[in-house]
K.L.:
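I am attaching a structure below and will ask some questions about it afterwards.
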Amino acid sequence: MRQAGRSLPEYHRARGDTTLLEAVQQPDLVTELTRQPVRRYGVDAAVLFSDIVVPLHATGFGVDIVAGVGPVMHRPVRRRADLARLRPPDGDDLAPVTAAIQQLVDELDVPLIGFAGAPFTLASYLLEGGPSRHHLRTKAMMLGDEALWLDLVERLADVAIAALQHQVAAGAAAVQLFDSWAGCLSPDHYRRYAAPASRRVLAAVAEMGVPAIHFGVGTGEVLEDMAVGADVVGIDWRVPLDAARARLGDGVAVQGNLDPAACLAPWEVVAAEARAVLAANAGRPGHVFNLGHGVLPETDPATLERLVDLVHREGRASGP
Ligand code: CP3
């Protein structure tokens with residue numbers, strides 16, 4: 001339930017006027033913000049308070065996070081020379097992040113999940129300059145200059161690998177690779193232009209010895225591709241969980257897949273929707289109950305408290 005904090009009054013109090021990119025430089029604040037949803041909801045894992053653009057920001061690639069908009073690049077990538085501005089983060093760049101992780105691992109009773117942006121999703125931000133509906137510049141480069149595109153995504157794979165190595169070395173127990181915008185690609189294009197760089201990241205995570213969760217939205221047509229090299233595949237609400245499990249087999253776990261918008265409905269509806277997700281999994285091991293995407297800021301914290309409680313009571317009944 002990433003961004004669970006946005007729905008919490010204690011989160012807004014602790015954040016105050018601190019921007020996200022300032023906040024992630026302050027280990028005590030990161031520790032507090034990461035712990036808040038665990039404290040309030042009793043979820044079974046913590047998601048590091050950070051963002052997929054933090055490794056870019058930490059290496060001096062100018063980026064802001066604009067509230068209500070998302071990441072905005074000072075100078076988007078336009079041509080080959082711009083790639084020279086990208087480099088993998090080192091230990092000094094990520095010192096505040098690793099300090100926060102070390103503190104969290106000491107204080108948390110649950111595992112800490114680190115994360116990175118997948119090459120395709122980061123490439124979209126770099127090329128578009130910010131959030132995009134149709135990813136037109138991204139597709140224009142991908143289809144129009146394959147060599148430059150592949151150079152870009154391979155560099156972004158190196159950025160993700162370095163970021164995840166530092167997180168795992170500091171104590172993250174699992175990592176999630178977020179390919180939030182890969183769902184805009186056709187299956188053929190996903191396989192050709194996005195999957196190879198992501199697979200290299202997943203293979204590097206396997207070497208690190210921690211489980212990898214591979215997350216996408218609108219990626220129902222490429223679930224099998226996303227499962228390669230992943231321990232857990234994120235399923236959004238567009239794919240019924242039983243269908244996803246039938247397609248993927250027992251070799252990979254699934255995460256999902258309640259529609260975050262369902263959490264805005266009256267509690268009885270939320271409960272019925274959550275029970276439908278549990279029923280679709282039918283007690284099989286290897287299901288991480290979650291929302292299909294992040295928590296919407298309008299969500300009532302009381303709903304999430306009841307949701308976690310319901311899943312804990314009913315989801316474990318026939319589990320392992
Ligand atoms: O609160 C948490 O759980 C921390 C974790 C977290 C953030 N970003 C903090 C954040 C995580 C896991 C992310 C990942 C992230 N960031 C993704 C991948 C996951 C997904 O949801 O698809 C993506 C695509 C981004 C890029 C990004 N950053 C977006 C789309 C936004 C939202 C813009 C908005 O305000 O609606 C951000 C900003 C952001 N990242 C916020 C937070 C808490 C909110 C803005 C802020 O607090 O300044």
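Computed from a predicted model, the values in this text were never measured in an experiment. Counting convention: from 1, in listed order, for ligands and their atoms alike.
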K.L.:
Using a strict 4.0 Å cut-off to heavy atoms of Ser180, name the atoms of ligand 1 that fall inside it.
P.N.:
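What qualifies from ligand 1 is 18 (C), 19 (C), 20 (C), 22 (O), 24 (C).
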K.L.:
Please name the pair of heavy atoms, one in Ser7 and one in Tyr41, separated by the smallest distance, quoted to 0.1 Å.
P.N.:
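Residues Ser7 and Tyr41, closest heavy atoms: OG-OH, 3.3 Å.
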K.L.:
Is there a donor-acceptor contact under 3.5 Å linking the side chains of His166 and Thr98?
P.N.:
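Not at all, the side chains of His166 and Thr98 share no donor-acceptor pair under 3.5 Å.
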K.L.:
Ignoring hydrogens and geometry, is there a side-chain-to-backbone donor-acceptor pair from Asn257 to Asp236 under 3.5 Å?
P.N.:
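Flag set: sc Asn257 to bb Asp236 pair under 3.5 Å.
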K.L.:
Of the choices Asp64, Ile52, Val295, which has the non-hydrogen atom that lies closest to atom 25 (C) of ligand 1?
P.N.:
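The option holding the nearest heavy atom is Ile52.
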K.L.:
Within ligand 1, which atoms have a heavy atom of Gly70 less than 4.0 Å away?
P.N.:
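Taking each heavy atom of Gly70 in turn, ligand 1 has 31 (C), 33 (C) under 4.0 Å.
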K.L.:
Any side-chain heavy atom of Leu307 sitting closer than 4.5 Å to one from Phe289?
P.N.:
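Side chain of Leu307 against side chain of Phe289, heavy atoms only: contact under 4.5 Å found.
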K.L.:
Measure from atom 11 (C) of ligand 1 to every heavy atom in Tyr125, Phe178, Tyr11, Phe115 and give the option owning the shortest one.
P.N.:
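The residue whose heavy atom sits nearest atom 11 (C) of ligand 1 is Phe115.
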K.L.:
Considering the heavy atoms of Phe49, write down every atom of ligand 1 situated less than 4.0 Å from one of them.
P.N.:
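By the 4.0 Å cutoff, the relevant atoms are 1 (O), 4 (C), 43 (C).
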K.L.:
Would you check whether Gly68 reaches within less than 4.0 Å of ligand 1, judged by its heavy atoms?
P.N.:
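So Gly68 counts as touching ligand 1.
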K.L.:
Which bit of Val53 gets closer than 4.0 Å to ligand 1, counting heavy atoms only: side chain, backbone, both or neither?
P.N.:
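For Val53, no heavy atom sits under 4.0 Å from ligand 1.
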K.L.:
Got a donor-acceptor contact below 3.5 angstrom from the Arg284 side chain to the Arg245 backbone?
P.N.:
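No.
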K.L.:
What atoms in ligand 1 come closer than 4.0 Å to a heavy atom of His293?
P.N.:
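This gives 20 (C), 21 (O), 22 (O) as the contact atoms.
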K.L.:
Please compare Val66, Thr34, Val24, Asp51 and report which has the shortest non-hydrogen distance to atom 37 (C) of ligand 1.
P.N.:
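The nearest heavy atom belongs to Asp51.
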K.L.:
Please give me the minimum heavy-atom distance between Val30 and Leu48, naming the atom from each residue.
P.N.:
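Taking Val30 first and Leu48 second, the nearest heavy atoms are CG1-CD1, 4.0 Å.
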K.L.:
Is a side-chain N or O of Thr59 found less than 3.5 angstrom from the main chain of Pro55, in a donor-acceptor match?
P.N.:
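Flag set: sc Thr59 to bb Pro55 pair under 3.5 Å.
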K.L.:
Taking atom 5 (C) of ligand 1 as the point of reference, which of Leu48, Leu8, Val217, Leu177 owns the nearest heavy atom?
P.N.:
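Among Leu48, Leu8, Val217, Leu177, the closest heavy atom to atom 5 (C) of ligand 1 belongs to Leu48.
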K.L.:
Could you list which atoms of ligand 1 come closer than 4.0 Å to a heavy atom of Val69?
P.N.:
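Result: 33 (C).
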K.L.:
Would you mind listing which atoms of ligand 1 come within a distance below 4.0 Å of any non-hydrogen atom of Ile65?
P.N.:
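Near Ile65, the atoms of ligand 1 are 38 (C).
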K.L.:
Can you tell me which portion of Pro131 lies within the under-4.0 Å heavy-atom range of ligand 1? Options are side chain, backbone, both, or neither.
P.N.:
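No part of Pro131 is near ligand 1 at this cut-off.
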K.L.:
Determine whether a donor-acceptor pair (N or O, by modelled atom type, separation under 3.5 Å) exists between the side chain of Gln167 and the backbone of Phe115.
P.N.:
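Yes: the side chain of Gln167 pairs with the backbone of Phe115.
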K.L.:
Just to verify, which of Arg39, Arg15, Arg40 counts as forming a side-chain hydrogen bond (donor to acceptor under 3.5 Å, both in side chains) with Glu10?
P.N.:
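That would be Arg40.
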K.L.:
Check if Arg15 has a non-hydrogen atom at a distance under 4.0 Å from any atom of ligand 1.
P.N.:
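Flag set, Arg15 near ligand 1.
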